[in-house]
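The structure under discussion appears below in the form of structure tokens.
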2 protein chains.
Amino acid sequence: MSEPALRERRRRQTEREIGDVALELFERQGVDATTVDEIARAAGVSSRTFFRYFATKEAAALVPHVDLDERVERMLAELGPGRPLLDQLEDVWREVLTAFDDGRSEAGRLLLRVRRLMLTEPGLRQAAVALDAERVDELVARVARAMQLDDDLPARIAVEAAAVAVRVTLDRWADARDEGRRVDLLATYADACRYLRELGGPG
Amino acid sequence: MSEPALRERRRRQTEREIGDVALELFERQGVDATTVDEIARAAGVSSRTFFRYFATKEAAALVPHVDLDERVERMLAELGPGRPLLDQLEDVWREVLTAFDDGRSEAGRLLLRVRRLMLTEPGLRQAAVALDAERVDELVARVARAMQLDDDLPARIAVEAAAVAVRVTLDRWADARDEGRRVDLLATYADACRYLRELGGPG
DNA sequence: CGCCATCGTGGCAGTGAGTGCCAACACGGC
DNA sequence: GCCGTGTTGGCACTCACTGCCACGATGGCG
């Protein structure tokens, strides 16, 4: 320990600042037309420092997305072997999505901005997909460890399936709001989960 | 018409050549340690020409993967509304995977090399994931058009789910063969599909 | 308060991916 | 033979990203 909270707080603050500025600039002029130097300057740091906070240009705009994932990860602390894995994952996601729905929270508003940007920015979407894949891998490893599975195939399928439901839901959400339509995030998520479970039956 | 077959044939040949060389070099020295200039030179073209064939360095090594996808796409010509979508997708994939299994074909051997490389090369995996996402989007659009769906949510879920099963299967395959173990590609795929359909029940 | 270890930051130089532009050349039709 | 089209290579350029080093701020400690 002896980790001075000041440093940590400043670090988080700088990270937020860079992330906010990046998102703003990406929205205004597009990802390709925005240089790292521009973002860094607007955030009051050097471009060299930018890369100490984010590995890539796109990663800076994904801070709200990381927040979402971390929230889920924290809530998944109590993963029990009692109930089906998919049920537990969906419960957590349902709760988290509730908190992020529409303008209910600042985090939700930020997430919506990112997801809308992703609709027109392939590079950003790719970065988000890569991030998602990492999270899935981590989660699978964690589940396999916690449940002491000798074969992680079913766990991987379940986690990936849950991720698909969430991704599809968020895309719908962003797409609808992009056209001015209003959708119920949770209702859409419920639909996605239902279709997922109905795969065994009809099509 | 009037498309001189010679040009086309040459183009394909050059593409193969670059792809082969790229895969070879990536295997030998790693993706990061290999420059585009190196690949281009080894393939007998300029680096400027390289980028007329492939948008990124990683894309060059994914030629075998594109072959796989194109094969699937061709076989999906006869998509009918009669049977559940997932069933039809799985049928096609089962057939294609059979053709690519182990050393049964040159295409299969190449695919295995790529998938093994992906295990240790994050950049390559990311590129493959991005490619996969594009294919999924195309396929969803095609299905929605063919079946005249007003809501593509169930179709998207089905296509994404099918993609998950394949991806997981290929990863297992590469991972096992990487450790010298031998796995039955089709049996693994059958397992994955089964777990997918059992999501509604247990976990 | 002042000394010292540690860490974050900026500047700088360098690599290499990816792009626009133009001239040279090969093809295929006439 | 000539000409329109498509392909290639070279050049110059931008910019993402990295290693290195010196400087300044922070926080512990006497």
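From a predicted model like this one, the values you see are computed outputs, not experimental measurements. First the proteins, then the strands, lettered A, B, ... as listed; each starts at 1.
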Original post:
Which part of the nucleic acid, if any, lies within reach of A/Ser47 when heavy atoms closer than 4.0 Å are counted: base, sugar-phosphate only, or nothing?
Top reply: nothing
Original post:
What nucleotide among D/dG27, D/dA16, C/dG10 has an atom nearest to a side-chain atom of A/Arg7?
Top reply: D/dG27
Original post:
At under 4.0 Å between heavy atoms, what does A/Arg11 touch on the DNA or RNA strands: base, sugar-phosphate, or nothing?
Top reply: nothing
Subject >> Working for salt bridge (Lys or Arg N to Asp or Glu O under 4.0 Å), residues B/Asp20 and B/Arg113 >> reply: CA-CA 11 Å; B/Asp20 285 349; B/Arg113 288 171 64 194; 6.0 Å; no
Original post:
Looking only at N and O atoms, is any donor in the side chain of A/Arg48 or the base of D/dG19 less than 3.5 Å from an acceptor on the other one?
Top reply: yes
**OP:** Check the distance between D/dA16's P and B/Lys57's NZ and give it to me in whole angstrom.
**Re:** 17 Å
**OP:** Show your working on side chain to side chain contact (heavy atoms under 4.5 Å, CB included) between B/Val36 and B/Phe51 and close with a plain yes or no.
**Re:** CA-CA 9 Å; B/Val36 169; B/Phe51 285 112; 3.7 Å; yes
Subject >> Given D/dC15, D/dC21, D/dG10, the nucleotide with the shortest approach to the side chain of B/Ser46 >> reply: D/dG10
Original post:
Between A/Arg9 (CZ) and D/dT26 (P), how many Å, whole number?
Top reply: 12 Å
**OP:** Measure from the side-chain heavy atoms of A/Phe51 and tell me the nearest of C/dG18, D/dT18, C/dG10.
**Re:** D/dT18
**OP:** Please say whether more than 12 non-hydrogen atoms of neighbouring residues, nucleotides or ligands are located less than 6.0 Å from CZ in B/Arg10.
**Re:** no
Original post:
What is the nucleic acid contact for A/Tyr53, judged by heavy atoms within less than 4.0 Å: base, sugar-phosphate only, or nothing?
Top reply: sugar-phosphate
Original post:
For B/Phe54 and C/dA17, what is the distance between atoms CZ and P respectively, to the nearest whole Å?
Top reply: 15 Å
**OP:** May I have the distance from A/Glu15 (atom CD) to C/dT9 (atom C1'), rounded to whole angstrom?
**Re:** 16 Å
**OP:** On DNA chain D, check which nucleotide each of A/Arg52 and A/Thr34 is closest to and give me the residue with the more 5' one.
**Re:** A/Thr34
Original post:
So is B/Arg11 actually on top of B/Tyr53's ring, under 6.0 Å and inside 45° of the axis?
Top reply: yes
Subject >> Atom pair distance, as rounded to whole Å: CG in A/Asp37 and P in D/dA16 >> reply: 8 Å
**OP:** Between B/Phe50 and B/Arg10, name the one whose nearest nucleotide on DNA chain C is closer to the 5' end.
**Re:** B/Phe50
Original post:
Counting heavy atoms not belonging to B/Glu138, are there more than 12 under 6.0 Å from its CD?
Top reply: yes
Original post:
What is the distance, rounded to the nearest whole Å, between atom CD of B/Glu8 and atom P of C/dA26?
Top reply: 21 Å
**OP:** Specify the separation, in whole Å, of atom CG of A/Asp32 and atom C1' of C/dG20.
**Re:** 15 Å
